[in-house]
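Numbered from 1 within each chain, the chains take letters A, B, ... in sequence-line order. Only this structure's heavy atoms are used, side chains among them; waters, hydrogens and symmetry mates stay out.
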Number of protein chains: 2
Amino acid sequence: MPSRVPERPPTASAVIRQELRARIVSLAMRPGEPINEKALARRYGVSRTPVHEAVLKLAEEGLVAIFPQSGTFVGLIPYADLPETIIIRRSLEETSARLAAERGDAAGLAAIDRAMAVLAVADKDDHEAFHQADEAFHAGVARAAGHPGIWRLVQQVKVQVDRFRRLTLPQAGRLDRVVAEHGAVRDAIAARDPEAAARRMGAHLDGLLADLGGIAGLNPDYFDGPGRRDEGEQGRPFPP
Amino acid sequence: MPSRVPERPPTASAVIRQELRARIVSLAMRPGEPINEKALARRYGVSRTPVHEAVLKLAEEGLVAIFPQSGTFVGLIPYADLPETIIIRRSLEETSARLAAERGDAAGLAAIDRAMAVLAVADKDDHEAFHQADEAFHAGVARAAGHPGIWRLVQQVKVQVDRFRRLTLPQAGRLDRVVAEHGAVRDAIAARDPEAAARRMGAHLDGLLADLGGIAGLNPDYFDGPGRRDEGEQGRPFPP
DNA sequence: TTCGCAAATCTGATATATCAAACTAAGCTG
DNA sequence: CAGCTTAGTTTGATATATCAGATTTGCGAA
């Protein structure tokens with residue numbers, strides 16, 4: 001191993017990967033849309049190698065579907081898997097909230113309060129700002145629990161749900177409800193009541209499950225219908 | 001997207017990745033050991049491209065540390081991160097056990113019983129067989145819960161703990177304790193008592209946390225000392 | 001012997017080229 | 001005009017080559 005790790009600019013592959021991921025998660029690139037590695041290489045002014053590396057890693061995350069000798073496409077949203085990922089998220093974040101309340105770290109609570117303040121004054125129509133502030137709250141809870149890694153894992157797990165939610169219209173009053181539920185979690189943590197904190201976090205995230213229903217009216221081409229993706233098997237065939 | 005997804009042999013890159021992962025997790029390759037892509041390419045009779053792809057993905061999993069223009073090495077074990085991963089695992093598997101008990105799926109319970117039977121008759125000295133049967137039990141619980149994805153995630157999260165445990169001698173009587181604790185979880189699921197199932201699974205996995213203490217006497221070169229790996233930053237420098 | 005410096009070597013990142021498989025579409029057959 | 005065949009095109013996987021930076025090595029000076 002090297003004796004020191006010099007700073008170095010991010011590799012071309014890493015830059016491309018971040019940008020592609022952002023465009024896929026934000027739905028700027030639509031599920032099922034073909035990805036042309038050669039065109040991307042041209043666009044970024046690099047060879048196909050770093051583009052291919054970036055695409056491979058996105059495939060690992062389930063954001064891209066590679067069909068060898070056939071084509072690469074923006075991954076469909078695995079609708080059937082979404083409830084499971086929300087259950088996983090709830091499980092992890094209940095634990096975060098419980099541990100944060102047990103720990104009662106003052107600095108952590110302050111960070112949570114800061115995130116809540118940002119959310120309170122967020123422009124109700126600026127969905128992006130709302131989303132950012134929402135995430136900051138959850139990250140803050142994990143940090144207050146002393147386990148930021150939990151939030152990192154949650155972020156990884158919830159990516160397909162995020163894509164789904166971009167497709168659904170934000171319901172009226174959701175922002176106010178989220179603010180209220182965050183406040184309930186915060187108060188339980190501040191009161192050092194682990195079980196209440198966990199319960200309230202769980203209730204908050206159960207709201208996500210309810211949002212999953214409204215698939216009617218959405219473009220069915222965006223979804224991976226039949227179900228769960230086992231050992232790398234990718235989705236259903238494309239209808240002609 | 002293609003109209004049908006033809007079967008095809010696994011790519012060279014995938015084969016190499018699986019083999020390397022197995023050798024790293026089993027400690028056949030020691031933490032900190034250099035990885036020579038060119039030599040691997042020769043060994044497998046392929047070019048460096050698929051080897052590089054495999055190594056990149058292992059780096060993603062934290063099993064390999066890449067220092068550009070310098071070298072690639074088998075990843076050190078992030079000792080400071082292990083408690084967090086066990087907390088994550090406990091959180092997820094408590095949820096599995098709770099849901100399995102709520103669901104009360106007869107076929108799922110039968111699968112759990114099969115895994116337990118294998119464990120009961122396992123040769124007490126065949127650590128590999130014991131490990132396999134242990135994993136089958138936990139996989140069975142997740143399946144009985146109707147959420148096999150939870151177990152997939154647990155497997156991903158616990159990989160560094162698995163490496164650590166290979167370094168420690170199995171304690172006398174551990175097998176019997178594991179069998180007993182599995183039985184307790186099984187009975188709570190069979191009795192459809194979700195809270196008891198979750199509590200017992202949590203207690204079972206708390207045993208892992210206790211195992212973490214015995215680092216004394218182990219080779220410190222194998223561990224990533226200071227702490228947590230933030231945004232891809234890799235480990236401590238190597239002492240000369 | 002020890003130290004310092006520079007050339008040689010090694011590495012990962014990237015570029016370019018090749019290959020086989022799969023899709024596409026034009027052309028042939030009926 | 002419809003169905004089938006086939007040649008051309010596109011793609012991902014892999015091979016080979018190049019480059020810049022880091023380590024290592026070897027030799028000479030103190």
Side-chain angles (χ1 to χ4, degrees), chain A residues 1-20 32-60 63-75 232-235 237-240, chain B residues 1-20 32-60 63-75 232-235 237-240:
Chain A
M1 295 211 172
S3 47
R4 68 206 163 82
V5 181
E7 250 177 70
R8 68 178 25 260
T11 65
S13 163
V15 171
I16 293 166
R17 178 189 180 177
Q18 296 302 333
E19 286 199 28
L20 280 183
E33 180 180 332
I35 293 177
N36 184 324
E37 290 189 3
K38 205 174 299 186
L40 282 174
R42 261 197 308 274
R43 165 125 42 104
Y44 284 101
V46 298
S47 81
R48 280 182 55 204
T49 305
V51 173
H52 187 60
E53 282 178 7
V55 166
L56 277 178
K57 292 192 183 168
L58 292 171
E60 196 90 347
L63 292 176
V64 157
I66 299 177
F67 301 92
Q69 268 80 40
S70 172
T72 298
F73 306 85
V74 176
E233 205 45 60
Q234 292 289 357
F238 194 70
Chain B
M1 298 209 171
S3 48
R4 68 206 165 82
V5 180
E7 251 176 69
R8 66 179 26 261
T11 65
S13 163
V15 171
I16 294 166
R17 177 188 181 178
Q18 296 301 334
E19 287 199 29
L20 281 184
E33 179 181 332
I35 294 177
N36 185 324
E37 289 188 3
K38 207 175 297 189
L40 282 174
R42 259 196 309 274
R43 167 126 39 104
Y44 285 101
V46 299
S47 80
R48 281 182 53 205
T49 306
V51 174
H52 187 60
E53 282 178 6
V55 167
L56 278 177
K57 291 191 182 169
L58 292 171
E60 196 91 345
L63 293 176
V64 157
I66 300 177
F67 301 93
Q69 266 81 40
S70 171
T72 298
F73 305 85
V74 176
E233 206 44 61
Q234 291 290 356
F238 195 71

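In this model, a side-chain donor or acceptor of Gln69(A) finds a partner on the base of dG12(D) within 3.5 Å.
Position along DNA chain C of the nearest nucleotide to Ser47(A) versus Thr72(B) favours Thr72(B) as the more 5'-ward residue.
Considering only side-chain N and O atoms, Asn36(B) lies nowhere under 4.0 angstrom from the phosphate OP1 or OP2 of dC10(C).
Near DNA chain C, defined here as any heavy-atom distance below 4.0 Å, the residues from residues 48-58 of chain B are Arg48(B), His52(B), listed numerically.
Here the closest non-hydrogen pair linking Ala12(A) and Val46(A) is CB-CG1, 4.3 Å. Nearest heavy atoms, Ala54(B) versus Ile16(B): CB-CG2, 3.9 Å.
For the atom pair CD (Glu33(B)) and OG1 (Thr72(B)), the distance works out to 12.5 Å, reported to the nearest 0.5 Å. Here the straight-line distance linking atom CG of Leu20(B) with atom OH of Tyr44(B) works out to 5.0 Å at 0.5 Å rounding. To the nearest 0.5 Å, atom CG of residue Leu63(B) and atom NZ of residue Lys57(B) are 14.0 Å apart. The structure places CD1 of Ile66(A) at 8.5 Å from CD1 of Ile35(A), a figure rounded to the nearest 0.5 Å. For the atom pair CG (Leu40(A)) and CD (Glu19(A)), the distance works out to 10.0 Å, reported to the nearest 0.5 Å.
Counting to the nearest Å, the P atom of dT11(D) and the NZ atom of Lys38(A) are 6 Å from each other. The CG-C1' distance, from Leu40(A) to dG12(D), rounds to 14 Å in whole Å. Taking atom CD of Glu33(B) as the reference point, atom C1' of dT11(C) lies 17 Å away to the nearest angstrom. Going from atom CD1 of Ile35(A) over to atom C1' of dT10(D) covers 16 Å, rounded to whole Å.
Side-chain proximity of Glu37(A) to dG12(D), dT11(D), dA15(D): nearest is dG12(D). Of the candidate nucleotides dT14(D), dG12(D), dG12(C), dG12(C) has the atom nearest to the side chain of Pro68(B). Looking at the side chain of Ile66(B), the nearest of the listed nucleotides dA15(D), dG12(C), dT11(D) is dG12(C).
Between Leu56(A) and Leu56(B), every side-chain heavy-atom pair lies at or beyond the 4.5 Å cut-off.
Evaluation of the salt bridge (charged side-chain N to carboxylate O under 4.0 Å, His left out) test over residues 36-47 of chain A, restricted to residues two or more places apart or in two chains, returns Glu37(A)-Arg48(A).
From one end of the helix from dT1(C)-dA30(D) to dG30(C)-dC1(D) to the other, with five pairs defining each end axis, the axis direction shifts by 20° (rounded to 10°).
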